[in-house]
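Both ligands and their constituent atoms are indexed starting at 1 by order of listing. A quick note: this is a predicted structure, and the numbers were derived from the prediction, not measured.
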Amino acid sequence: MASNNAPSTGVGIRPSSRTVHVAVPPVEGSSPLGVPLYQGHTFTFPDADSMGAAFADPGGPFVYARYNNPTARALEDAVAGLEGGAAAIGSASGMGSITSTLWALLRPGDHVVAQNRLYGGTLGILGDLDQRWGVQVTRVAAGDPAAVEAAITPRTRVLFLETIANPTGEVVDLPALTAIAARNGVTAIVDNTFATPLLCRPIEHGADIVVHSATKYLGGHSDVIGGLAVFADDALHREVRGRTLEFGSVLDPASAWLAIRGLQTLGVRVPRQSENAQTLAERLAEHPAVDTVHYPGLPGHPSHATARALLTGGFGGVLSFDLAGGADAGRKFVNSVRLAALAPSLGDVRSLVMHPASTSHRNLDPEELAAAGIGPGLVRVSTGIEDVEDLWTDLEQALA
Ligand SMILES: *Cc1c(COP(=O)(O)O)cnc(C)c1O
């Protein structure tokens with residue numbers, strides 16, 4: 001006899017109860033090949049003791065979907081495995097992962113050292129922590145490890161870096177910087193969105209936490225918003241998890257399911273996108289309408305040597321370039337592409353272009369733009385998986 005609290009099969013109860021107690025078909029003798037989408041947010045237990053044990057163990061049975069969900073955990077485990085981490089926490093977006101992780105680690109009076117060129121949303125939350133929450137933030141040119149070391153104080157709790165920074169393609173010396181963090185008892189967080197675990201696994205280079213916008217390469221098809229934080233060790237995971245549960249930036253199971261579907265082709269998409277970006281960067285560098293191409297795969301790029309040492313199998317799918325004609329030329333270019341789409345975001349299977357000075361960064365004055373590494377005629381390209389000759393034909397006609 002099953003206990004009173006076992007899921008009902010619906011047999012022997014009244015129709016109005018039956019409509020509620022729909023039997024779940026058991027899966028026996030085989031397993032679904034694709035990860036099932038578990039939309040159910042609450043899990044039932046045979047007795048109070050097993051429910052109590054589940055509450056006490058974050059890695060144990062599922063309880064409630066704000067704590068965890070089987071589909072979300074499948075993605076968390078997959079990305080933790082790819083990054084070489086102990087565990088991961090999924091979030092509703094990359095910013096959910098970044099903000100909840102920073103909130104979990106920091107308290108008033110703490111200090112953060114941040115690479116000066118970071119994703120705009122990350123700079124936003126760091127600015128907010130600094131101006132409203134009593135956390136001091138110092139932004140440094142992280143290409144210079146001595147500058148990072150000099151910025152660290154006894155109150156420094158977090159060092160925040162990006163593997164490949166947007167849109168300049170700066171690649172910093174992760175092993176040197178994480179060693180500085182470790183010597184000073186500082187938690188090193190690395191945003192690995194642009195590199196993906198295929199090109200770089202920051203935990204292997206000393207990072208304590210890796211964050212991702214799964215919205216970009218991991219998902220890869222512009223149909224899912226999600227984020228992940230991967231932890232090098234389980235103690236840190238547990239420390240952060242307790243507080244992210246309160247934050248409520250939960251990875252939706254349907255989003256996790258789409259991200260898993262995307263993740264399964266990451267290994268063919270990213271090498272192809274990197275190859276396409278490398279070819280386009282080389283050809284753009286020879287084009288008379290183009291001043292400078294920013295791509296770490298080019299020998300002339302300031303981070304090229306660091307990128308070669310750190311990245312494996314390519315330099316990523318994002319490149320940018322300055323048009324000699326300035327802001328007007330930038331706007332004209334993005335209006336003229338036909339195959340590439342004019343769109344924000346990146347990492348999609350389709351190639352995307354944008355002109356930051358007239359869109360994402362339009363509120364900055366020329367000095368602020370220069371500080372962000374964005375010239376008035378800078379165009380960013382996120383290369384897709386199309387045939388590179390078709391992409392080049394498109395860029396060439398748009399340049400003309
Ligand atoms: C897009 C992005 C984020 C934020 O991710 P969302 O999923 O949009 O919240 C963070 N870091 C980098 C590098 C990004 O490109």
Side-chain angles (χ1 to χ4, degrees), residues 72 75-76 79 83 88-103 114-129 139 142 158 160-172 174 189-200 202 207 209-230 244 247-252 254-256 258-259 262-263 266 269-270 273 277 294 296 303 311 315-320 343-348 352-354 356 359-361 372-374 380-384:
L75 177 66
E76 290 166 343
V79 176
E83 288 285 3
I89 301 172
S91 291
S93 76
M95 281 313 300
S97 295
I98 291 166
T99 301
S100 60
T101 301
L102 289 172
W103 269 84
Q115 185 173 352
N116 57 359
R117 284 173 187 166
L118 292 174
Y119 179 71
T122 308
L123 291 176
I125 178 63
L126 288 172
D128 201 38
L129 285 166
R139 288 168 60 180
V158 164
F160 201 106
L161 306 167
E162 285 181 9
T163 317
I164 305 175
N166 179 38
T168 54
E170 177 179 47
V171 178
V172 293
L174 282 188
I189 306 179
V190 178
D191 185 331
N192 200 33
T193 299
F194 273 49
T196 83
L198 287 186
L199 304 186
C200 184
I209 302 175
V210 171
V211 291
H212 272 285
S213 169
T215 311
K216 314 292 170 52
Y217 287 99
L218 301 186
H221 298 75
S222 294
D223 54 11
V224 58
I225 294 262
L228 291 122
V230 184
T244 55
F247 209 82
S249 172
V250 186
L251 176 62
D252 180 74
S255 298
L258 276 170
L263 188 67
L266 190 72
R269 286 186 282 114
V270 169
Q273 284 161 315
H294 310 277
S303 299
L311 306 178
F315 297 90
V318 177
L319 65 102
S320 61
S345 193
L346 55 108
D348 189 82
L352 312 175
V353 299
M354 70 180 295
T359 55
S360 56
H361 295 69
I374 296 165
R380 189 185 76 181
V381 181
S382 169
T383 47

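Backbone and side-chain nitrogen or oxygen atoms of Thr122 are examined, and none is located within less than 3.5 angstrom of a nitrogen or oxygen of ligand 1. Checked against a 3.5 angstrom limit, the closest N/O atoms of Leu346 and ligand 1 fall outside it.
In this structure, Leu218 and Pro197 have side chains that are in contact, with non-hydrogen atoms separated by less than 4.5 Å. By the 4.5 Å heavy-atom criterion applied to side chains, Tyr217 and His212 are not counted as neighbours. Annotation: side chain of Thr101 is in contact with side chain of Ile189 (closest heavy-atom distance under 4.5 Å). A 4.5 Å side-chain heavy-atom check between Thr193 and Tyr119 finds every atom pair outside the cut-off. Here the side chains of Leu319 and His294 are not in contact, with every heavy-atom distance at 4.5 Å or above.
Among protein heavy atoms, the minimum distance from atom 4 (C) of ligand 1 is reached at Tyr119 CE2, 3.4 Å. The protein heavy atom nearest to atom 9 (O) of ligand 1 is Met95 N, 2.8 Å. From the protein, the heavy atom lying nearest to atom 13 (C) of ligand 1 is Asp191 OD2, 3.4 Å. Protein heavy atom nearest atom 15 (O) of ligand 1, with residue, atom name and distance: Lys216 NZ, 2.7 Å. Nearest protein heavy-atom neighbour of atom 7 (O) of ligand 1: Thr215 OG1, 2.6 Å.
Of all atoms in ligand 1, listed by their number and element, those nearer than 4.0 Å to a heavy atom of Ile98 are 10 (C). Close contacts of ligand 1 with Gly94, meaning ligand atoms under 4.0 Å from a residue heavy atom, involve 5 (O), 6 (P), 7 (O), 9 (O). Less than 4.0 angstrom separates some heavy atom of Phe194 from each of these atoms of ligand 1: 13 (C), 15 (O).
With hydrogens and angles ignored, the 3.5 Å screen pairs a side-chain donor or acceptor of Ser93 with a backbone N or O of Gly96. Using a distance-only test at 3.5 Å, with no hydrogens or angles considered, a donor-acceptor pair links the side chain of Thr215 to the main chain of Gly226.
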